[in-house]
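Both counts, for ligands and for their atoms, begin at 1 and track the order of listing. As a basis for the values below, the full set of heavy atoms in this structure was taken, side chains included, without hydrogen atoms, waters or symmetry mates.
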Amino acid sequence: MKSSNHHHALSCFLILSSFLFSRAASSGGADATSIVFATLGRSSYNFDIYALPTTGQSKEIRLSDGKSVNFNGFFPSPSSLSLLPLLPKRPDPTTHFVYISERNGSSNIYLDALYDTPPIRTGSRSILDVSTESTRVQILLTRDGQTNNRVSMKDKPSLVGQSLIYVSTHEDPGEPRASWAAVYSTQLTTGSTRRLTPIGVADFSPAVSPSGVWTAVASLGEKGWEGEVQELGTDIYVFLTRDGSNRVKIIEHGGWPSWADDSTLYFHRRCEDGWWSVFKASFNIKEGELGVDSVVTQRVTPPGLHAFTPAASTANKSFIAVATRRPGSDFRHIELYDVVSSKFIDLTRPVSPNVHHFNPFFSPDSSWVGYHKCRGASSDGKSADLLLENLQSPLPSISLFRVDGSFPSFSPDGERIAYVKFPGAYVMNSDGSGVRTILTRTAFSTAWDWKRKGVVYTSVGPTFASESTKVDIISINVDDEDLSYKQLTHGGENNAFPSPSPDGKWVVFRSGRTGHKNLYIMDALNGETGGLHRLTEGPWSDTMCNWSPDGEWIVFASDREDPGSGSFELFKIHPNGTGLQKVIQSGLGGRTNHPWFSPDGKYIVITSDYAGVSAEPISNPHHYQPYGDIFVIKADGSGIQRLTHNSYEDGTPAWSPKSMLSGNVEWPNGGGSKCSFDDCHWLNIRTNQRSSSSKRECAQL
Ligand SMILES: *[C@@H]1O[C@H](CO)[C@@H](O)[C@H](O)[C@H]1NC(C)=O
Ligand SMILES: *[C@@H]1O[C@H](CO)[C@@H](O)[C@H](O)[C@H]1NC(C)=O
Ligand SMILES: *[C@@H]1O[C@H](CO)[C@@H](O)[C@H](O)[C@H]1NC(C)=O
């Protein structure tokens with residue numbers, strides 16, 4: 001199985017050189033700015049790749065290096081590895097695995113090889129993008145060059161021969177509410193990359209057949225994405241791995257395919273009886289053509305528990321691995337399912353009962369099952385949880401940061417950030433130092449006064465609540481030693497999203513005081529009692545308002561075109577109530593929220609579902625709105641540009657007048673990750689879940 005690495009050494013070196021990381025030096029130009037946003041739950045993930053043997057009670061091993069967020073692993077076959085010139089010439093390592101990592105501020109695919117003995121460094125291979133621990137060689141497999149230098153999300157990798165098959169989101173289909181997820185193949189020795197998914201179609205969760213000839217995907221096909229969050233309504237398509245041709249739909253309604261052999265696929269689907277279950281599809285392949293008419297599907301896992309994200313074992317067809325949620329358990333676990341005796345075998349529950357485990361995968365000989373889970377605090381007690389994470393930004397003049405909190409806002413000089421983290425509000429310096437509590441109650445939406453130094457506005461009370469919920473706006477002088485608080489609204493009619501005028505005189509906010517959420521303007525110093533005008537009026541919701549730096553416009557989100565539908569568009573209006581116009585709409589029924597003007601007023605940063613979802617939501621922890629990404633538009637709504645690429649819920653962006661210091665900032669005092677994030681809420685098992693089904697598609701055969 002050993003390749004002669006001799007003649008590969010040169011080509012390997014060339015690839016590594018061309019892989020040189022040309023990280024755009026954060027342009028320190030005069031107009032450089034930063035955008036900070038929040039991502040639901042992400043700061044708790046700290047995922048690593050782990051593995052357990054399928055037989056016997058051996059210890060769990062951690063495979064990835066305990067840095068960043070590492071997920072969706074894959075064990076390459078020995079034959080595939082023997083073709084790769086990327087690995088140093090050394091005795092066989094203990095194991096190889098491919099995975100996604102978010103290290104260095106963007107999502108990329110890595111191959112790690114773990115050796116029993118420290119590596120010997122040789123000559124020219126002083127390994128640029130290969131970092132070595134004593135027993136680890138780490139190789140970055142995807143380069144921005146393969147995605148036209150565009151930042152993108154990568155997902156679910158497979159290595160077949162010398163080709164890496166994976167999802168990337170670097171191509172804009174040019175249509176609102178269309179997912180950018182598509183399957184690509186990169187030849188690792190040449191770097192040449194080919195799109196396998198047809199233009200205008202979104203594919204997720206690719207899996208390559210054992211022969212390498214076929215790739216199966218979960219696809220939205222021609223239907224597109226219509227806002228689905230829990231189950232995407234994908235179908236399974238199969239095409240030739242070589243070039244994406246011979247594409248054919250083989251299974252209606254299904255996702256997360258995994259091949260047992262070239263004519264057997266396992267996949268998941270949510271049944272009419274409410275249970276996520278694993279199914280098996282068998283079909284014929286004749287002369288390179290799939291016999292679509294011959295497909296037979298069969299439910300494999302029984303009702304009574306959720307079983308999903310299957311992995312088929314190619315070496316031993318008698319079992320598969322699945323993730324489960326069982327009644328009585330709040331945690332997602334990996335189990336084996338013996339398809340011959342119809343029995344489950346616990347894998348991860350005895351090892352770490354109170355942690356979520358995701359997306360199992362088998363070693364080529366089926367002796368190991370890999371998965372990812374949160375690593376918790378490391379042995380030295382440090383978590384390296386990030387307070388500020390510096391992401392790679394697709395726009396060179398705008399640096400991008402994720403803050404471990406919500407509703408950030410910048411002081412007018414850009415020196416400080418206010419944000420909330422339930423329950424409480426905080427202020428810190430924009431380099432992440434000096435975090436200070438300014439409120440210990442539940443609050444949201446912060447904003448700084450433009451004229452009175454140190455005055456922060458916020459709304460105190462629960463988010464996502466009805467018009468009559470008790471929420472009021474206060475101002476806090478964070479420069480006062482006693483933090484003098486001042487209540488600006490008193491009625492408690494869900495008064496929220498304060499945004500002060502640049503002249504320091506007024507605050508625009510939304511209020512549910514008439515039974516509908518509309519916009520009002522009040523006196524900045526004395527609140528409602530100092531003066532109040534109504535700005536918008538109608539039986540709908542106007543909310544999330546932001547006052548432009550030149551004082552001329554207030555941009556806000558509204559569902560006025562289809563009240564109560566959940567669809568939000570952006571509008572802008574002059575503070576005197578004239579000039580109302582639509583800024584942007586994300587397709588029919590789409591969502592665009594949380595607008596914030598750029599410091600020069602020429603652009604607006606927004607949260608939108610413009611790029612749909614980027615992965616099957618069930619393969620991730622819970623996100624209410626997994627489609628949330630951050631975009632920048634011109635102030636007239638044109639020229640949309642995507643800033644974030646991930647399958648998480650990103651939101652509440654704010655724009656700083658100056659560029660923040662580049663680099664990540666860890667939480668002071670480490671603290672130790674609590675791994676405290678939720679599994680998908682819609683997998684929670686309710687007692688009223690129906691237990692039987694008459695529907696054919698889920699009937700047990
Ligand atoms: C990538 O991140 C790691 C830590 O996760 C760091 O050690 C390394 O220097 C970074 N590499 C680059 C090119 O920034
Ligand atoms: C396959 O797995 C089953 C169940 O663990 C085991 O009984 C059987 O011996 C295995 N077969 C092979 C060929 O390894
Ligand atoms: C309202 O404000 C806009 C922008 O400042 C201004 O151009 C317009 O003349 C004003 N209209 C009225 C009726 O005051």
Side-chain angles (χ1 to χ4, degrees), residues 51-58 60 75 77-78 210 258-266 278 280 282 300-302 307 310-324 333-351 360-371 450-451 499-509 518-524 531-537 542 545-556 570-583 595 597-598 600-602 604 634-637:
L52 271 169
T54 50
T55 51
Q57 319 293 37
S58 185
E60 180 186 56
F75 287 121
S77 70
S258 179
W259 301 80
D261 57 46
D262 272 54
S263 56
T264 312
L265 271 180
Y266 288 87
V278 171
K280 178 183 178 180
S282 313
V300 173
T301 60
S313 149
T314 50
N316 185 335
K317 307 268 173 51
S318 71
F319 56 79
I320 59 173
V322 296
T324 63
H333 281 288
I334 307 303
E335 304 188 35
L336 295 179
Y337 184 72
D338 186 320
V339 296
V340 180
S341 64
S342 304
K343 287 204 174 75
F344 284 97
I345 304 153
D346 257 339
L347 268 187
T348 57
R349 202 179 311 270
V351 178
F361 57 101
F362 277 105
S363 63
D365 66 359
S366 300
S367 61
W368 292 86
V369 177
Y371 47 87
W450 293 78
K451 298 287 185 200
S499 180
S501 61
D503 63 8
K505 293 188 177 144
W506 306 102
V507 171
V508 63
F509 65 104
N518 293 133
L519 302 185
Y520 297 78
I521 293 176
M522 67 178 166
D523 185 83
L532 180 76
H533 339 280
R534 185 179 182 125
L535 182 61
T536 64
E537 181 166 9
D542 300 320
C545 33
N546 185 255
W547 210 311
S548 68
D550 64 3
E552 291 283 300
W553 292 103
I554 289 161
V555 63
F556 62 99
L570 294 190
F571 292 83
K572 61 182 182 182
I573 189 169
H574 288 308
N576 64 12
T578 66
L580 177 76
Q581 55 181 273
K582 193 184 325 190
V583 176
F597 277 103
S598 63
D600 64 6
K602 291 182 181 156
I604 301 171
K634 290 186 186 151
D636 66 3

Just which atoms of ligand 2 are under 4.0 Å from any heavy atom in Ser318? 1 (C), 2 (O), 3 (C), 4 (C)
Mind listing the closest non-hydrogen atom pair of Ser366 and Asn316 along with its distance? OG-N, 3.6 Å
Are more than 12 heavy atoms, taken from residues, nucleotides or ligands other than Lys582, located less than 6.0 Å from that residue's NZ atom? yes
When you measure from the side chain of Ser499 to the backbone N and O of Trp547, does any donor-acceptor pair fall under 3.5 Å? yes
Residues in ring pair (Phe, Tyr, Trp, His ring centres under 6.0 Å) contact with Trp506, at least two apart in sequence or another chain: His533
Does an N or O anywhere in Asp338 fall below 3.5 Å from an N or O of ligand 2? no
Any idea which atoms of ligand 2 are less than 4.0 Å away from a heavy-atom of Asn316? 1 (C), 2 (O), 3 (C), 8 (C), 10 (C), 11 (N), 12 (C), 14 (O)
Check: Lys634 and Lys602 side chains under 4.5 Å, non-hydrogen atoms: no
List, for ligand 3, each N/O atom that has a protein N/O partner under 3.5 Å away, with both atom names and the distance.
| from | atom 1 | to | atom 2 | distance (Å) |
| --- | --- | --- | --- | --- |
| ligand 3 | 2 (O) | Asn576 | OD1 | 3.4 |
| ligand 3 | 2 (O) | Asn576 | ND2 | 2.3 |
| ligand 3 | 5 (O) | Glu552 | OE1 | 3.2 |
| ligand 3 | 5 (O) | Glu552 | OE2 | 3.4 |
| ligand 3 | 11 (N) | Asn576 | ND2 | 2.8 |
| ligand 3 | 14 (O) | Asn576 | ND2 | 3.1 |

Lys343 meets the salt bridge (Lys or Arg N to Asp or Glu O under 4.0 Å) criterion, sequence neighbours left out, with none
With sequence neighbours excluded, what pairs up with Leu580 under the side chain to side chain contact (heavy atoms under 4.5 Å, CB included) test? Phe556, Arg560, Phe571, Ile573
